[in-house]
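So that the names make sense, note that chain A is the first sequence line, chain B the second, and so on, each numbered from 1.
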Amino acid sequence: DGGITQSPKYLFRKEGQNVTLSCEQNLNHDAMYWYRQDPGQGLRLIYYSQIVNDFQKGDIAEGYSVSREKKESFPLTVTSAQKNPTAFYLCASIPGPGGGYTFGSGTRLTVV
Amino acid sequence: SQQGEEDPQALSIQEGENATMNCSYKTSINNLQWYRQNSGRGLVHLILIRSNEREKHSGRLRVTLDTSKKSSSLLITASRAADTASYFCATDAFGNEKLTFGTGTRLTIIP
């Protein structure tokens, strides 16, 4: 079955560490997105990519970085510059304009 | 920034009743979408309504859109326990695929 796979499901980060969240899709979708969700809140856009080797900042890109070397993969790195990284991270993709997003099941990141 | 605002923030109803939740947004849109999120999971796309449409149905779901009031409503008829979830509206603008999400309505169906 086609879909989006996010890993790991749970991730713990020590202060000062960089961590990378994986997002892989086998839907042949062009555009991919990373959102952050804090408890009881909506989703905020971190980064998005509409084509391989190109990506744009979203509303809250500071302290995060991404790459899009392959169509199927859009990893998100949470750097030590992100001061409040504890959150639920969601990856999504879309085949083209005007359609519904397909979401992964999320990664819950906790700073310890 | 949050484009949409759902109302109410939380809603509890008896199983079998209808549930209505509303979404207001601030700027002109191309499409408005509704998503469901079960606790601790990803979002699931429910329905999309275009800016030139006024009403759309999908199974037990009915969505309306009033662009003059910048608002939408989602009606779930004959609710079931499995409908317990958070519901989010999301909008995109013309020429921009980015979705901006509202703050969500937490729906609880009481068996």
Side-chain angles (χ1 to χ4, degrees), chain A residues 2-11 21 23-25 27 29-51 54-61 87-110, chain B residues 1-10 21 23-27 29-53 56 58 61 63 74 85-108:
Chain A
I4 296 182
T5 301
Q6 288 188 242
S7 62
K9 191 172 176 66
Y10 299 95
L11 186 57
L21 284 60
C23 177
E24 303 278 332
Q25 55 104 352
L27 300 164
H29 287 178
D30 288 319
M32 298 184 74
Y33 302 80
W34 274 106
Y35 285 88
R36 168 181 172 141
Q37 186 177 32
D38 291 286
Q41 304 211 6
L43 280 67
R44 292 184 289 167
L45 182 62
I46 305 172
Y47 267 100
Y48 65 104
S49 168
Q50 293 177 309
I51 196 168
D54 188 41
F55 48 83
Q56 287 78 40
K57 293 181 179 180
D59 299 319
I60 55 165
F88 189 48
Y89 291 87
L90 287 158
C91 179
S93 70
I94 188 172
Y101 281 23
T102 300
F103 279 86
S105 55
T107 291
R108 189 168 299 281
L109 173 63
T110 304
Chain B
S1 59
Q2 301 287 358
Q3 155 80 312
E5 184 105 8
E6 281 89 338
D7 171 58
Q9 289 187 330
M21 53 206 89
C23 167
S24 59
Y25 56 91
K26 299 173 185 172
T27 59
I29 63 168
N30 185 27
N31 302 306
L32 186 143
Q33 305 182 33
W34 285 90
Y35 288 81
R36 183 187 75 232
Q37 183 181 35
N38 291 90
S39 182
R41 307 293 296 273
L43 278 71
V44 174
H45 179 253
L46 295 176
I47 196 165
L48 180 152
I49 187 166
R50 304 192 188 283
S51 60
N52 61 355
E53 297 176 313
K56 205 160 183 180
S58 177
L61 305 180
V63 169
L74 171 67
S86 292
Y87 291 82
F88 294 90
C89 69
T91 57
D92 62 24
F94 287 98
N96 189 340
E97 295 169 18
K98 293 188 301 178
L99 277 187
T100 303
F101 285 81
T103 51
T105 291
R106 173 121 190 97
L107 175 65
T108 301

Next on the checklist: Please classify the contact of B:Arg50 with chain A as side chain, backbone, both or neither, using a heavy-atom distance under 4.5 Å.
Outcome noted: side chain
Item to check | Parallel, tilted or perpendicular, as decided by the 30° and 60° cut-offs, for the rings of A:Trp34 and A:Tyr89 | outcome: perpendicular
Checklist entry - How close do A:Ala87 and A:Arg36 get, heavy atom to heavy atom, and via which atoms? => result CB-NE, 3.5 Å
Next on the checklist: At a 4.5 Å cut-off on heavy atoms, which part of B:Gln37 comes close to chain A: side chain, backbone, both, or neither?
Outcome noted: side chain
Checklist outcome for this item: For B:Cys89 and B:Leu32, the nearest pair of non-hydrogen atoms, with its separation, is CB-CD2, 4.4 Å
Checklist entry - Going by the angle between their ring planes, with limits at 30° and 60°, are A:Tyr33 and A:Tyr48 parallel, tilted or perpendicular? => result parallel
Item to check | chain A interface, residue from B:Gly40, B:Ser86, B:Ala90 that has the most non-hydrogen pairs under 4.5 Å | outcome: B:Gly40
Checklist entry - Looking only at heavy atoms, what is the nearest atom pair of A:Tyr101 and B:Tyr35, with distance? => result N-OH, 2.8 Å
Checklist entry - Where on B:Asn31 is there a heavy atom nearer than 4.5 Å to chain A: the side chain, the backbone, both, or neither? => result side chain
Next on the checklist: As an exercise: rank B:Glu6, B:Lys98, B:His45, B:Gln9 by heavy-atom pairs under 4.5 Å with chain A and give me the winner.
Outcome noted: B:Lys98
Checklist entry - Considering only heavy atoms, which portion of A:Gln56 lies under 4.5 Å from any heavy atom of chain B: side chain, backbone, both, or neither? => result neither
Item to check | Pick from A:Gly99, A:Ala31, A:Gly104 with the largest number of heavy-atom pairs that fall under 4.5 Å of chain B | outcome: A:Gly99
Checklist outcome for this item: Smallest heavy-atom separation, A:Met32 atom then A:Cys23 atom, equals CE-SG, 3.5 Å
Checklist entry - Measuring heavy-atom distances to chain B, does A:Gln37 have an atom under 4.5 Å in its side chain, in its backbone, in both, or in neither? => result side chain
Next on the checklist: Please give me the minimum heavy-atom distance between B:Arg41 and A:Phe88, naming the atom from each residue.
Outcome noted: O-CE2, 3.5 Å
Checklist entry - In terms of heavy-atom proximity below 4.5 Å to chain A, should B:Leu43 be classed as side chain, backbone, both, or neither? => result both
